[in-house]
Amino acid sequence: MSATTCVLDGFGPLDVARPGSVNELGDLIRAATALYPFGGKTQMGLGNAPTRPGVAVDLRGLAEVIDFPARDMTITVEAGMTLERLRGILEPENLRLPIDVPESTRATLGGVLAANVSGARRYGYGTLRDYVIGISALNDEGNVFKAGGRVVKNVAGYDLCKLLVGSLGTLGIITQVTLKLRPLAEQQALICLPSDAAQLEAILTSLSDSRTRPVCIEVLNRSAANCVFGQAALKAPAAPWIVLVGYEGNGDAVSWQVQQLVKEVGAHFGLQARIDFTTHSLCCALTEYASTAACALTFRASLPPSRTAAFCLQADRDAPQSAVRAHGGNGIVHGHWPGDLTKEQAASILTTWRERAAQVRGSVIVQRCAHPWKQSLDVWGPPTNDIRLMREVKAKFDPRSIFNPGRFVDGI
Amino acid sequence: MTTAVATPLAERMRAVVGPANVLSSPSDLLVYECDGFTIEKNQPDIVVFPTSTEQIVAIVKACHELGVPFVPRGAGTSLAGGCLPIGGGVMIALTRMKRILEVNYRDRYAIIEPGVVNLWLTNHLKPRGYHFAPDPSSQGACTIGGNVATNSGGPHTLKYGVTVNHVLGVELVLPDGQVVPTGGPVEDMPGYDLTGVIVGSEGTFGVASKVWVRITRNPEAYRTLLGVFETVDDATNTISDIIGAGIIPGALEMLDSLILQAVEAAFHFGFPLDAGAVLIMEVDGLDAGLDQDAERIIEIAKKNHAREVRKANTEAERLLLWKSRKQAFGAVGRLAPSYCTQDGVVPRTKLPAVLKFIQHVGVKYALKIANVFHAGDGNIHPILLFDERDPDQVKRVLSASNEILDECIRLGGSVTGEHGIGVEKIDFMPKLFAPDDLAMMLRLRNAFNPDGRCSPRKMLPTAGACIEQSKAGRHAAM
Ligand SMILES: Cc1cc2nc3c(=O)[nH]c(=O)nc-3n(C[C@H](O)[C@H](O)[C@H](O)COP(=O)(O)OP(=O)(O)OC[C@H]3O[C@@H](n4cnc5c(N)ncnc54)[C@H](O)[C@@H]3O)c2cc1C
């Protein structure tokens, strides 16, 4: 085991351990006072900065395929595997994990699960919690525990998979995952609806009522559109707002939906359709965008979907330099800044966002920011009403508080 | 009406919910001694019917003070004994909390009280073209609170997912009386996904007093096909091939020859009585594209030697087909005085193996076993026919069930796909999970229900570990 050091989210240097087996990882846990697991480090900026000295654990040494019964449409793999490698294994069997993950050549399953990464197509396919059917992890005593299984339907025992997905590595170290898979889409289409501010909510409402069934509804303001289209080497249509509507399915279903959408909204708003392979670069740009330099500072709001348009418009009006991008059907709004804001400006925008989100019982987190700012920007915001229970769960699972101490909500 | 019992517990309960919402006489309690799992029975000391969250809080606080266990109950259709009041105590029946509090079509959620019957919600949403996706065969009776507790499935969960994929939040009354809302209509609230573990906790974490559910748009159209096969193998190969071709049908249900006889006698659908197995194959969604899928399914079925593939040509035909499927359990009553519906899961490709095994078990124990199940998910439901007046038959049914479930585990599956562990399958937990797995599950339960007062002795086996408090076993006959 070679050990160097690293800095995590501005904290360090920390010794790095690279366990090559679950047993080695177990030994590390038993000896640890604080452990900071990592994979491709694509999400290491999420959460409060570490404050307690400990060991950073590189989990990329655990990256084997355990079992891939393709005809059962499940796969069991170790958590250090990158998403790109997983894709390479699944695609020849016409299968996929339909989650949009940026930087998939680096991002590992374990990290993506812990951070609960999702993207545009969550509107059509849901999020990781809908695909993890079995999980193995190491507990605070360094022992393996598992939950779920390898079959797509299973209600035996408490579903610890749900608990570990999105727990930011604070309850145990995920070592192995069984995923339910989906077939690749036969065809894709992305439709670009330019809009002005006044029409935005009407478009989103009409998409919600549309006879078509989109898999994604992305809202982009001018700067976000320039960025996304630019990355795809395309020119964004000249409009203050762009709504990108995605369809997937068999050929008949996709072409009918494109025509239908043209009928439903085209007459009012004017649109551009991209079908099949021409969608690829734009889809990739949508996925990768969140990880670009343009997003050095990122806030993420969770809102009722019906409030998305109003929230986006206000955000754009308050700070025209911001890139605003939303998963319109899910009520998730991202605000991005390339990093040219002052800390005070950032704090003031965050406060405004939180006030507005709170009015509709939503929330705002700081998804990315320069780590020194984390002392003054409250990353997770005020805790939700179930925080006591969350603390109780954390105390039961990690009584010594060794797993990513302090990094999650309310300093868990 | 028999006389009500006057104990301190009963008096407390009457004070909380009013005398009209309490049952305490032995004859009234008889109904509540078991749910759909009838092998074990025990009467609660009292049944209370709260009508508000506040009342639930007062009830569990009283239980806390008096040190008596309590168990939540919905419609009592559990097939795993989830409602069995072990150690007596208070049964909290949620059936009078049955209001649909809010429906928001734009944001696609509904807020409901736990006693709302599954089908009521779907019927309520129908005029606007929406439904609640989990559709257990018992949906005309079971409550959404019960669905949440058991993480129910149904024929259409292959494509649409099970209950947990459709629950956004829960208001949970913890055993100490705290009311904790988890999740809600807004996605991705920061923190642990407590909703995700409350769903499927089989009533052992507290009482769900309110539920936020996702509502789903109805498919625009269906193509419902009935494939008739000489052998079970041909039918299961068809299933694998359909899914392998990238088609996710709304439902893929299999019925074997024995169940066909019962269903045909009851509903006269016109099922072929000499077939080895039939498959109900339904694709749904937008009208466009469905013919393409249906054609491919027919092709695949033919390739796998289907004797014929029929199409449900009218909505009436489709509904009759589904009625035959969903009420198949009821129709079994024609075949034998009693039956036991098992619930197991295997990887889809292991269906031929497990069905052969079931056949062999039937011969070994001289039992008739009918099969009607969610084939697309690999979720089997062998129905063991017997006469419960004959103790020897009862013994054989239990042994046969155990062998089938052991085989599911051996084939890499699980002992329950949707009915739950409850008391029925508790002995299988150590076969399915290692001690460390169970220990972590216990840690989770202890975060919610540290004294084990809420639905004691369910889900996790007690042997070995210092699980559940001992008081729970005591009858509250004070
Ligand atoms: C004919 C028949 C067909 C069936 N078909 C299916 C099927 O296709 N799919 C399927 O999944 N199941 C099926 N079932 C099983 C059963 O209907 C489901 O498990 C259902 O979800 C139970 O709902 P219920 O209201 O009857 O709950 P109950 O039986 O009353 O309770 C079930 C469990 O939930 C707990 N509980 C109930 N309400 C609450 C609450 N508010 N808060 C906390 N805990 C609570 C109870 O303590 C118990 O552990 C079937 C049963 C029958 C009899």
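Lettering of chains follows the sequences in order, A, B, ..., and the numbering in each one begins at 1. Remember, predicted model here, so these are calculated numbers, not experimental data.
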Proximity breakdown for [X] and chain A, heavy-atom pairs closer than 4.5 Å:
X        : answer
B:Asp287 : neither
B:Ile248 : side chain
B:Asn379 : side chain
B:Met441 : both
B:Val346 : backbone
B:Phe205 : side chain
B:Met440 : both
B:Arg108 : side chain
B:Thr150 : backbone
B:Arg296 : side chain
B:His419 : backbone
B:Asp291 : neither
B:Leu444 : both
B:Val197 : both

With no hydrogens and no angle check, is any side-chain donor or acceptor of [X] less than 3.5 Å from a backbone partner on [Y]?
X        : Y        : value
B:Asp188 : A:Ser302 : no
A:Asp67  : A:Thr76  : no
A:Asp159 : A:Cys161 : yes
B:Asp293 : B:Leu290 : no
B:Ser201 : B:Ile198 : yes
B:Asp176 : B:Gln178 : yes
B:Ser240 : B:Asn237 : no
B:Asn104 : B:Asp107 : yes

Problem set entry | Side-chain donor-acceptor pair present, B:His381, B:Glu418, cut-off under 3.5 Å | yes
Exercise. Does the side chain of B:Thr204 come under 3.5 Å of the side chain of B:Ser455 through a donor N or O and an acceptor N or O?
Worked result: no
Is [X] close to chain B through its backbone or its side chain, or both, or neither, when contacts mean heavy atoms under 4.5 Å?
X        : value
A:Pro382 : neither
A:Phe408 : side chain
A:Glu141 : side chain
A:Arg361 : backbone
A:Val155 : both
A:Ser136 : neither
A:Asp410 : neither
A:Leu204 : both

What's the shortest heavy-atom distance between [X] and [Y], and which atoms?
X        : Y        : result
A:Asn154 : B:Ser414 : OD1-OG, 2.6 Å
A:Pro214 : A:Ile217 : CB-CG1, 4.1 Å
B:Ala288 : A:Ala253 : O-CB, 3.6 Å
B:Arg348 : A:Arg71  : NH2-O, 3.8 Å

As an exercise: rank [options] by heavy-atom pairs under 4.5 Å with chain A and give me the winner.
options                                : answer
B:Val164, B:Asn151, B:Leu158, B:Leu172 : B:Val164
B:Gly412, B:Ala434, B:Gly191           : B:Gly191
B:Gly244, B:Pro181, B:Gly200           : B:Pro181
B:Lys350, B:Met429, B:His374, B:Arg217 : B:Arg217
B:Leu438, B:Val415, B:Asn446           : B:Asn446
B:Ile421, B:Leu194, B:Ile243, B:Val180 : B:Leu194

Problem set entry | Distance under 6.0 Å and angle within 45° of ring axis: B:Arg443 vs A:Phe145 | no
Exercise. Between A:Glu392 and A:Lys396, is there a side-chain N and carboxylate O pair less than 4.0 Å apart?
Worked result: yes
Exercise. Hey, does B:Pro219 have a side-chain heavy atom less than 4.5 Å from the side chain of B:Tyr160?
Worked result: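 SC-SC contact between B:Tyr160 and B:Pro219 confirmed.
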Given the options [options], which has more heavy-atom pairs under 4.5 Å with chain B than any of the others?
options                                : result
A:Ile365, A:Asn139, A:Thr384, A:Asn94  : A:Asn139
A:Gln260, A:Gln257, A:Arg391, A:Arg122 : A:Arg122
A:Ser167, A:Gly149, A:Gly381           : A:Ser167
A:Ala156, A:Gly331, A:Pro183           : A:Ala156
A:Pro69, A:Pro304, A:Gly251, A:Ser118  : A:Pro304
A:Thr170, A:Val360, A:Val364           : A:Thr170

Problem set entry | Aromatic ring proximity A:Tyr125/A:Tyr131, centre distance under 6.0 Å | no
Exercise. Do A:Phe397 and A:Phe403 make the cut of ring centroids closer than 6.0 angstrom?
Worked result: no
